[in-house]
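Here is how names work: the chains are called A, B, and so on, in the same order as the sequence lines, proteins then strands, and each is numbered from 1.
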Amino acid sequence: MPGSGATLVSFQLLDVSYEMRGSTSVIILWGRGADGSRIVIFYSEFRPYFYVLPDGSVGLDQLTAMIRRLSKPSSPIISVERVRRRFIGREVEALKVTTMVPASVREYREAVRRLGGVGDVLEADIPFALRFIIDFNLYPMRWYVAEARETAVPHGYSVDKAYVLSGSIREDESRVQEDPLKGLRVLAFDIEVYSKMRTPDPKKDPVIMIGLQQAGGEVEILEAEDRSDRRVITGFVERVREADPDIIVGYNQNRFDWPYLVERARVLGVKLTVGRRNVEPQPGLYGHYSVSGRLNVDLLDFAEELHEVKVKTLEEVADYLGVVKTEERVTLEWWQIGEYWDDPSKREILRRYLRDDVRSTMGLAEKFLPFGAQLSQVSGLPLDQVMAASVGFRLEWRLIREAAKLGELVPNRVERGEGRYAGAIVLRPKPGVHENIAVLDFASMYPNIMVKYNVGPDTLVRPGEEYSEDEVYIAPEVGHKFRKTPPGFFKKILERFLSWRRQIRGEMKKYTPDSPEYKLLDERQKAIKLLANASYGYMGWPHARWYCRECAEAVTAWGRSIIRTAIRKAGELGLEVIYGDTDSLFVKNDPEKVDRLVRFVEEELGFDIKVDKVYKRVFFTEAKKRYVGLTVDGKIDVVGFEAVRGDWSELAKETQFKVAEIVLKTGSVDEAVEYVRGIIEKLRRGQVDLRKLVIWKTLTRPPSMYEARQPHVTAALLMERAGIKVEPGAKIGYVVTKGSGPLYTRAKPYFMASKDEVDVEYYVDKQVVPAALRILQYFGVTEKRLKGGGRQSTLLDFMKRGK
DNA sequence: ACTAGGCGGGG
DNA sequence: GTGTACGCCTAGT
């Protein structure tokens, strides 16, 4: 029962931070109340602590006394307790040292390490706010009921209500199936900066426009007056505070918009207080900006995981996801922005461009946030951190929580020289075009191996340790041994993940795929799958706290053995295997034989395998991990081809994709050849837009400092001579012009070149033809044929010849 | 061939 | 804030 004056507060946990009040740390839980209010809950009883693992050379009483003697008045050591814990599977007796000021833990850690009798200092590097939600078993984005007393909202907090935690916090089970984003306010923003042909400098280049959009609303645009942007910045702060979003989204705002705005505000003497606390956005060590009381989410972090999209511009990503199609939006290059601002007749286009960027950003948020929210609920990291974190950290924070629950101490992060080990099997593909191919995928192969063979750092039999043959699993090839019992740290966690995911997938069957319930559960099972699948790679990651090279080695060895067995079986069944990679097999789509193979893998090997997709046609080169496929539903998959890269001209990239599409969809090599010839002809007739010929490269140093002569450096030097400042980091766009000398003498900044100067033959020989030949050479097409005459052939001819 | 170092996204 | 990415490409040897 709540104590005097205490009430039960139902809230959704959004974020956690802490502040010092004198020498006392106060935990701040940022949340959303069930009544729609934005709240904070304060808790000032939580204290920072860490563990000391004795090495046995000094008695525990003596060690305790030695640690106590280190206590400093600025942050006294308030207790040193003896505790029983486990560490990598062993029972240990440790000392738990508690102090007052979180920031003092670092100093105590170093001081304690220097004491005799100390084996190691553990858990002295867990951020204090995270430590709190770990120990109280709170997960961001989930709903809780807390016993708390309401208190006046302190000065400097922009929230509706404030509470002081006076009792326990428990999860509100009735809201587990609720959409965590429902009712949360999302704000998308983007800025445009005045710049002409050089990297903008916040010291002088104004922010000319800022676009904002609330979910479901229209894009609102704030504009500078000529070059004066003070009102834009103050207006932005006002608008954010009015909108009072819980989540702020942008695209690459952590590396551009926030640092630019913060610096610009400083230059103008304006305070950028956009958070729920009277502070400016704070930069973290690796570029994440934290906006107090709000979740600042950079959608580029999500885009990084779209491996299918090679160039991750907002435009490309939005187009790929069908959020805002490229052909339905205004596209401008960054170097045009100054010009479109200066020319009043073009300013409306600039507005539309910004509006399209903001719309794209909001669209991406709608696509990505549901998954992010689930990942937050599952991993235990606040939404803004979970997306910025690499997959290893996401899993690791969940592992730390599991360790806390199991009484396991968390190993330290240690510097390790990376050791390479044998990876998965990748078969050499059979080059050429294959028709009707089924792709078989093992479901969560590696996690299942880890569970089946109890793989983990705590079950590994290390050199010199006793074991008997029938008590261990022995990995093929590498011979690493793992104890069959008791179940290890990873096995316990993975079993829970796998059964949790099974249960969710069962529940999903109750709903139709387009229902909100189904989508929520689907995002949740994907989040769990992500963490489960990360566990193998995690053990082989040199930064991992639970690093275990032998474990990772053993997992891939088992994986290789399983896939080899499956390939052998396919051979026995007379099923042709075209290609295989790690946990997938490309086989002829002979349903009856495929079905027998699937049953063999499930029944004899004990692993799940299923037909993931069927290609109507798929084209392999002789290279591994590189193919183009046409799925039965008409989608083109381009995997591993590198012409989708930034330093090729737009024209070359376009040509390569088109060629792949034509070859697979129509089956006509001739049509593809004709297409390429058409492009070459257009190029020679001067009908290709100069913009598609620009090759971009980044300067890594001042142009005069280069020893080697390169085209983009020549272009940069020309820009300097024209009075345009170019600094390291600037992207130089150049075109190759006619002339006789070596290439680097013929490069010119694209805006200084005219179409008729362009060395068309360079683009034919070094851009269009090589990009097209990457694919077409496998059909016997030669450079000569693309550029001149040649005989007609069809895909059918090629396939006959190939046999 | 190999390693060291820098970039991505943004404007 | 008890603290931080990563995989690919280029330049240079």
Side-chain angles (χ1 to χ4, degrees), chain A residues 17-20 25 47-51 75 97 99 101-110 121-132 190-202 205-209 250-260 282-288 290 298-301 303-305 307 309-317 332-338 340-341 350 353-354 357 361 381 385 387-394 396-397 410 412-413 541-543 642 645-647 697-701 706-708 710 712-713 728-731:
Chain A
S17 59
Y18 86 94
E19 282 173 18
M20 295 306 296
S25 51
R47 300 283 165 263
Y49 66 87
F50 58 91
Y51 294 98
S75 176
V97 180
T99 181
V101 180
S104 73
V105 167
R106 232 169 34 206
E107 294 155 46
Y108 282 130
R109 175 178 70 200
E110 300 314 315
V121 178
L122 299 171
E123 305 197 19
D125 56 356
I126 315 277
F128 187 58
L130 277 178
R131 177 87 263 179
F132 176 82
D190 185 29
I191 71 173
E192 300 302 332
V193 169
Y194 186 85
S195 74
K196 264 189 164 173
M197 301 186 292
R198 63 181 172 76
T199 304
D201 175 1
D205 299 319
V207 175
I208 47 182
M209 287 184 185
Y251 198 79
N252 198 32
Q253 82 267 37
N254 282 335
R255 272 176 290 187
F256 184 74
D257 303 54
W258 286 128
Y260 203 96
Q282 301 286 324
L285 217 62
Y286 271 80
H288 175 81
S290 55
D298 189 338
L299 296 166
L300 174 59
D301 292 330
E304 304 280 16
E305 276 156 49
H307 301 291
V309 188
K310 294 290 178 290
V311 181
K312 289 162 175 64
T313 56
L314 176 56
E315 184 191 314
E316 298 255 7
V317 173
L332 284 181
E333 298 296 335
W334 62 266
W335 41 270
Q336 296 175 296
I337 286 172
Y340 277 67
W341 174 255
L350 187 58
Y353 167 74
L354 172 60
D357 271 358
T361 305
L381 282 172
Q385 289 178 49
M387 287 327 298
S390 70
V391 55
F393 283 109
R394 292 174 189 166
E396 190 162 80
W397 283 111
V410 177
N412 285 321
R413 199 177 287 289
W541 177 44
H543 282 295
E642 77 283 59
R645 265 174 28 185
D647 53 355
K697 254 195 177 173
T698 309
L699 273 189
T700 55
R701 57 182 80 167
Y706 278 85
E707 304 251 339
Q710 298 171 70
H712 73 295
V713 178
K731 262 191 211 144

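Using a 4.0 Å heavy-atom criterion, one finds that A:I191 contacts the sugar-phosphate atoms exclusively. Residue contacts shown for A:V105 include a base, since a base heavy atom lies under 4.0 Å away. When heavy atoms are screened at a 4.0 angstrom cut-off, A:R106 is found touching the sugar-phosphate backbone but no base atom. No contact: A:F132 has no heavy atom under 4.0 Å from any strand. Among the heavy atoms of the strands, none lies under 4.0 Å from A:Q385. A:F50 comes within 4.0 angstrom of nothing in the nucleic acid, heavy atoms only. Across all strands, A:D201 comes closer than 4.0 Å to no nucleic acid atom at all (heavy-atom distances). A:Y194 comes within 4.0 angstrom of no nucleic acid atom, judged by non-hydrogen atoms across all strands. Using a 4.0 Å heavy-atom distance criterion, A:D257 is classed as making no nucleic acid contact.
Within the 4.0 Å cut-off from OP1 or OP2 of C:dA5, not a single side-chain nitrogen or oxygen of A:R255 is found. At C:dC6, one or more side-chain N or O atoms of A:W541 fall inside 4.0 Å of OP1 or OP2 (strictly under the cut-off). Checking the phosphate oxygens (OP1, OP2) of B:dG9, no side-chain nitrogen or oxygen of A:T313 falls inside 4.0 Å.
Each of C:dT2, B:dG11, B:dG10 was ranked by its minimum atom distance to the side chain of A:V193; first place goes to B:dG11. Here the nucleotide nearest the side chain of A:R131, chosen from C:dT2, B:dG9, C:dA5, is C:dT2. Here the nucleotide nearest the side chain of A:H543, chosen from C:dA5, C:dT2, B:dG11, is C:dA5. Closest approach to the A:Y251 side chain among C:dT2, B:dG10, C:dA5 is made by B:dG10 (side chain taken as heavy atoms from C-beta onward). When distances are taken from the side chain of A:D190 to each of B:dG9, B:dG10, C:dT2, the shortest belongs to B:dG10. Closest to the A:P127 side chain, of the nucleotides C:dG1, C:dC6, B:dG9, is C:dG1. Checking B:dG11, C:dG3, C:dT4 against the side-chain heavy atoms of A:P200 singles out B:dG11 as nearest.
The CG-P distance, from A:L314 to B:dG8, rounds to 17 Å in whole Å. Rounding to whole angstrom units, NE2 of residue A:H712 and P of C:dC9 are separated by 16 Å. Here C:dC8 presents its P atom at 15 Å from CD of A:E305, a figure rounded to the nearest Å. Atom OH in A:Y18 sits roughly 9 Å away from atom P in C:dG1 (whole-Å rounding). Between the C1' atom of B:dG9 and the CG atom of A:D357 lies a distance of 12 Å, rounded to the nearest Å. B:dG8 atom P lies 15 Å from atom CG of A:D298, rounded to whole Å. Rounded to an integer number of Å, the gap from A:F128 CZ to C:dT2 C1' is 9 Å. Summarising the geometry, the separation between CD on A:E316 and C1' on B:dG9 is reported as 12 Å, rounded to the nearest angstrom.
Applying the ring pair (Phe, Tyr, Trp, His ring centres under 6.0 Å) criterion to A:Y108, with sequence neighbours excluded, gives no partner residue. In this structure A:E305 satisfies the side-chain hydrogen bond (donor to acceptor under 3.5 Å, both in side chains) test together with A:R394, sequence neighbours excluded.
When each of A:E304 and A:I337 is assigned the nucleotide of DNA chain B bearing its nearest heavy atom, the one mapping closer to the 5' terminus is A:E304.
If you take OG1 on A:T99 and CZ on A:F50, they are separated by 7.5 Å, rounding to the nearest 0.5 Å. Considering CH2 of A:W397 and CD1 of A:I126, their distance stands at 4.5 Å, rounded to 0.5 Å. Atom CG of A:L381 sits about 10.0 Å away from atom CD of A:E396, to the nearest 0.5 Å.
One P atom belongs to C:dG1, the other to C:dA5, and the distance between them is 13 Å to the nearest Å. Atom name C1', nucleotides B:dG9 and C:dC6: the rounded distance is 14 Å, in whole Å.
Within 6.0 Å of the CZ atom in A:R413, the count of heavy atoms belonging to other residues, nucleotides or ligands exceeds 12.
Between the side chain of A:D298 and the backbone N or O of A:N252 there is at least one donor-acceptor pair closer than 3.5 Å.
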